[in-house]
Amino acid sequence: MAMLMLIGFIALIALPSVLWLYALADVIINNFRYFSTKIIWLLFLCFFPPLGTILYFLIGRSQRTTYYPVGRIVIICILIAPVVMIIGYFFYSLGQITFIPEPPKSMQIQI
């Protein structure tokens, strides 16, 4: 059962996320003939991730004028993100990071 859940996670979440991140990095790093084309692809990838990723790999990659590799950048982001999340959770559990600040003492109601 655990192996089936792992395969489902990889197929439904991890792989599409990596492909989307790769497409996003590819649009950001490479140049297009017109800057407006780059902006349109960025907006399309951000607002419609699944469809935007598929269309970018089918249509958008041929519109680039430069061909810089982005695989190394994507791998670094994939490896750094969990480390940052673990560190953030560690500090949150210690009480060093809070998302809802305490109100000032002058505003608190004393019971």
Side-chain angles (χ1 to χ4, degrees):
M1 184 66 175
M3 183 60 98
L4 186 62
M5 289 175 60
L6 179 63
I7 292 171
F9 171 77
I10 291 171
L12 296 176
I13 296 172
L15 185 60
S17 298
V18 170
L19 290 174
W20 175 78
L21 185 61
Y22 186 89
L24 193 63
D26 197 50
V27 170
I28 291 170
I29 290 177
N30 288 299
N31 295 327
F32 290 81
R33 184 171 182 178
Y34 302 107
F35 187 72
S36 59
T37 306
K38 184 176 200 168
I39 297 298
I40 289 170
W41 278 116
L42 283 173
L43 291 173
F44 202 62
L45 283 169
C46 289
F47 289 115
F48 308 105
L51 181 63
T53 303
I54 293 168
L55 289 177
Y56 179 72
F57 282 115
L58 292 175
I59 301 168
R61 286 182 59 112
S62 63
Q63 297 174 349
R64 300 177 300 172
T65 57
T66 58
Y67 300 97
Y68 299 120
V70 296
R72 201 174 286 153
I73 295 168
V74 172
I75 294 298
I76 289 170
C77 291
I78 290 170
L79 294 177
I80 288 177
V83 172
V84 170
M85 290 169 58
I86 290 169
I87 292 171
Y89 177 74
F90 178 72
F91 283 124
Y92 177 74
S93 65
L94 290 177
Q96 301 295 323
I97 298 174
T98 57
F99 295 108
I100 302 173
E102 293 273 335
K105 297 288 183 194
S106 61
M107 293 179 65
Q108 290 181 353
I109 298 174
Q110 301 296 326
I111 299 177

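Residue numbers start at 1 and run along the sequence shown. When reading the values below, keep in mind they use all heavy atoms of this one structure, side chains included, and skip hydrogens, waters and symmetry mates.
Nearest heavy-atom pair, Thr37 versus Gln63, reported as atom, atom and distance to 0.1 Å: CG2-OE1, 3.3 Å. Taking both residues in full, the closest heavy atoms of Arg61 and Tyr67 are given as O-CE2, 4.3 Å, listed atom of the first, atom of the second, then distance. The two residues Gly60 and Phe32 come nearest to each other via the heavy atoms O-CE2, 3.7 Å.
Distance check: Leu21 CG to Thr53 OG1 gives 10.0 Å after rounding to the nearest 0.5 Å. Separating the CD1 atom in Ile40 from the CG atom in Leu45 is a distance of 12.0 Å, to the nearest 0.5 Å.
For residues 12-29, every residue pair satisfying the side-chain hydrogen bond (donor to acceptor under 3.5 Å, both in side chains) rule, not counting sequence neighbours, is listed here: Asp26-Asn30, Asp26-Tyr56, Asp26-Arg64.
The environment of Tyr68 atom OH is sparse: at most 12 non-hydrogen atoms of other residues, nucleotides or ligands sit within 6.0 angstrom. Atom CZ of Phe48 is surrounded by 12 or fewer heavy atoms from other residues, nucleotides or ligands within 6.0 Å.
Neither Leu55 nor Tyr34 shares a network with the other; the hydrophobic side chains, linked directly or stepwise wherever heavy atoms of I, L, V, M, F, W or Y lie under 4.5 Å apart, form separate groups for each.
Exactly one residue among Ile29, Leu19, Leu42 makes a side-chain contact (heavy atoms from CB on, under 4.5 Å) with Leu24. That residue is Leu42.
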